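Encoded as structure tokens, the structure appears first; notes follow it.
Note: hydrogens, waters and symmetry copies are ignored here, and every other heavy atom, side chains too, is used. Nothing here was measured: the structure is a model prediction, and the numbers come from that model.
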4 protein chains.
Amino acid sequence: MQSSTPAGRAGRPRSAAADTAILAATRAALVDLGWSKLTLGDVAMRAGVAKTTLYRRWAGKNELVVDAVAELFDALRLPDRGSLAADIEGVVLQFAAILARPEAKSGLMAVVAESTRDDALRERIRTSIVDRQKRLVLEGRARAQARGELPPEAGPAEAARIADLIFDVVAGAVVHRTLVSAEPADEEWVRGFTRVLLYGLASQPAETGGEWA
Amino acid sequence: MQSSTPAGRAGRPRSAAADTAILAATRAALVDLGWSKLTLGDVAMRAGVAKTTLYRRWAGKNELVVDAVAELFDALRLPDRGSLAADIEGVVLQFAAILARPEAKSGLMAVVAESTRDDALRERIRTSIVDRQKRLVLEGRARAQARGELPPEAGPAEAARIADLIFDVVAGAVVHRTLVSAEPADEEWVRGFTRVLLYGLASQPAETGGEWA
Amino acid sequence: MQSSTPAGRAGRPRSAAADTAILAATRAALVDLGWSKLTLGDVAMRAGVAKTTLYRRWAGKNELVVDAVAELFDALRLPDRGSLAADIEGVVLQFAAILARPEAKSGLMAVVAESTRDDALRERIRTSIVDRQKRLVLEGRARAQARGELPPEAGPAEAARIADLIFDVVAGAVVHRTLVSAEPADEEWVRGFTRVLLYGLASQPAETGGEWA
Amino acid sequence: MQSSTPAGRAGRPRSAAADTAILAATRAALVDLGWSKLTLGDVAMRAGVAKTTLYRRWAGKNELVVDAVAELFDALRLPDRGSLAADIEGVVLQFAAILARPEAKSGLMAVVAESTRDDALRERIRTSIVDRQKRLVLEGRARAQARGELPPEAGPAEAARIADLIFDVVAGAVVHRTLVSAEPADEEWVRGFTRVLLYGLASQPAETGGEWA
DNA sequence: TCGTAACCGAGACGGTACGTCCGGTCTTTAT
DNA sequence: ATAAAGACCGGACGTACCGTCTCGGTTACGA
């Protein structure tokens, strides 16, 4: 968001309720219309707000959708299920559940696509969504290391590198499963995915014998 | 594509050169403008073709972009580098190189986003892009099993399930790295990713000691 | 029309039936659609003929409509009702009846409007419609002179001038009544018009007393 | 026209200058292109106005042209030349001068042609053009009756009937002379026409002897 | 009798305009 | 100063016809 009326305070103050209404209206419009058919005029109408009010607060459709979608991911929590594998499964299932919602599906990939040609937008996505959720990886990793399930890293640079890799693998796989393969990322799939993530492809048969059966 | 005039043959046949010119113009426009600013009128002009010719062959922007992007991925080849890890690294690097091209970046995620609200489009993506490249997973897996690097699956259903999982993980991770994290999927990253894919997170330190250093 | 294959005569001759079918289809389309929504593609379809066949014979919509409408006016006949006034009334009523038909209404004024910017089209209208029907004025005038109802003209130039004037007055008045005022040119109106044409406005009350009552 | 924002007064008001510019641009386009090649996009460009502004105010080409042409006829004035014949000649010459202008020629007949299939358009023509100019007939008739050149009518219904008849004859004859015969309605022709209108065909030789010579 | 030239249908082609919609901006009055 | 309302300019949309062209196929002459 970028309102907040920083210092100057003459005239009528901005309505705080408007921000909430606009973001909710944006999500509703994403559900009904999808990203490409969503129009700012329609969002303004749904929010009971004039188009000018909307433009005063957001630069355009992309920025608005990023903010509307970012709020969805703030509900993610790292559960404590007792083991690293169970923790991963828990958070991946939450992530999959959010991604299954049409407002997330429609909006997220679209703004990512737009961000390939708009550095400011990519930065906004990273700040509002990606980095904010990367905490889950860090927390999970720390907890696993405390449990002895994972070794400590060689240093902070390594820690960041591995965290990024894990985030790309986890987020990428769930997104691809959900949006491209268009299959549900359900418990069974998440179990399989977590196993590969933790133990890899090659080591599996040696450990479990009938893992894939 | 959908020309070919299957049986009935009255009237002037469709120009085969037009298809080629249109798809090339589409890719050029993706590079210059990105998906959201690409207009069919502009593509038609670039291709030296009337707008009606374009609409006669494709239903809309999404279908056109899918076909234009799909051709990019047909260049993927499974190299024989002697080991499963090296083979994976080779094909992932190719995939990353294609995804780094702006016409792929811009177009691919956008049509995936659109496909969340358009079943026909999703099916077209699957047919033209996903399933067509899934061959790489199948070939690589077969080759690795011949080499004894991977055990045979319990049955054809398992084989399909694992292939799908691998595809989701590989494609998802590379896409996320490239588009969301916006970092290059270079050799170093690919090596790290391949290691996780093959041997997992938990088993790594035990095997390599200084792998992440 | 302009077919007829004048001298060169190798190859398949043009279908005579096509001309007839096309002109009839044109009139039907005028009835259904009016001039501005009439399309040559639609006419071709109605006539069971390819668009190219139509273009091989007519230069465009205007020429086609002129020919289609011209045929309607060839049905006009000068009746012999015994007096000049009755003869005029008879032919004016016929003219009004043709003009009341929707294919004439729609087509005639449209091509006249087009002809204001197209000399060749105006010439075609004059040849195919105006001059061809001017015979009625000449015949009627000669007959009235023979009866002694009108004096002979001073010379051929005067005869032409008066004939043109009469034609403009008669045709113009009926057209204006029918198309602009959009009132029927029925027997009562024709009687009043004929009286003005023959005896004028100023002389009327003196002659008839209650003419307009 | 149809703006005026009757009572509600929220929002930006419509630009009054736009109406003027659009109608002038329409007449200019009629001169340059004629009715059938006139496009609303071109008119908007000439007027320095967006196409949407034009469509917000007029339903289509026909309505726009009617309004643009109607303004031309508001310049008509009934001169007082001392006699009925001279008054008629004066106003007919004015009418002919307007009709000789290409924007009137091109536009008027075209909208009349269109009006044969569009009752609302015909009503608009009648309101904006025909009935508005019918005042000339009524004034002229009243003046002639005051002078004793014409007898009073039997009643208001008769007066209306005769006025309509005169209007059809005068307007129709001038239009036909100008557009169909494509000859100038110059002083000589107007003199002859006025004579016929006032004194008729049959009575002329008796009065003047050499009138047509 | 047979070639061949002009015809025919079908339909794709490059264009142009349509009338609509949306993005952003600006101009009003009201709060 | 902000809000709601709505007109404004600009530009793309997808469709419809235009008039031309390229096909495969069909006559009816005349060599």
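- A pairwise comparison of heavy atoms in W58(B) and L23(B) identifies CZ2-CD2, 3.9 Å as the closest pair.
- Where G41(D) and G60(A) meet DNA chain E, the nucleotide closest to each residue was compared, and G41(D) sits on the side nearer the 5' end.
- In this structure, CG of L38(B) is placed 15 Å from C1' of dG11(F), rounded to the nearest angstrom.
- Scored by the salt bridge (Lys or Arg N to Asp or Glu O under 4.0 Å) test, D42(A) finds R46(A) as partners (sequence neighbours excluded).
- Between M45(B) and K51(B) the shortest side-chain heavy-atom distance does not fall below 4.5 Å.
- In this entry the distance linking CG of L64(C) with C1' of dG19(F) reads 14 Å, nearest Å.
- Rounded to an integer number of Å, the gap from M45(C) CE to dC18(F) P is 12 Å.
- Remark on DNA chain F: of its neighbouring residues K37(B) and Y55(C), the 5'-side contact belongs to K37(B), judged by nearest-heavy-atom nucleotide.
- Atom P of nucleotide dC18(F) and atom CG of N62(C) are separated by 12 Å, given to the nearest angstrom.
- Taking atom NZ of residue K61(B) and atom C1' of nucleotide dG11(F), one finds them 13 Å apart after rounding to whole Å.
- Going from atom OH of Y55(C) over to atom CG of L64(C) covers 9.5 Å, rounded to the nearest 0.5 Å.
- Residue E63(B) contributes atom CD, which lies 14 Å from atom P of dC13(F) at whole-angstrom precision.
- Partners of A17(B) under the side chain to side chain contact (heavy atoms under 4.5 Å, CB included) rule, at least two apart in sequence or in another chain, are S15(B).
- Minimum interatomic distance between A110(A) and A113(B) (heavy atoms only, all atoms of both residues): N-CB, 3.4 Å.
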- Message: Protein within reach of the bases, or only the backbone? For nucleotides 10-16 of chain E, mark each nucleotide 5' to 3' as B, S or -, using heavy atoms under 4.0 Å.
- Response: BBBBBB-
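- For residues 102-114 of chain A, every residue pair satisfying the salt bridge (Lys or Arg N to Asp or Glu O under 4.0 Å) rule, not counting sequence neighbours, is listed here: R101(A)-E103(A).
- Annotation: salt bridge (Lys or Arg N to Asp or Glu O under 4.0 Å) contacts of R126(A) (sequence neighbours excluded): E123(A).
- Salt bridge present: D67(A) and R124(A) bring a charged side-chain N and a carboxylate O closer than 4.0 Å.
- When rounded to the nearest whole Å, the span between CD1 of I22(C) and C1' of dC7(E) equals 13 Å.
- W58(D) has its CH2 atom 15 Å from the P atom of dG19(E), to the nearest Å.
- Taking a 4.0 Å limit (strictly below) on heavy-atom distances, residues 106-118 of chain A does not reach DNA chain F anywhere.
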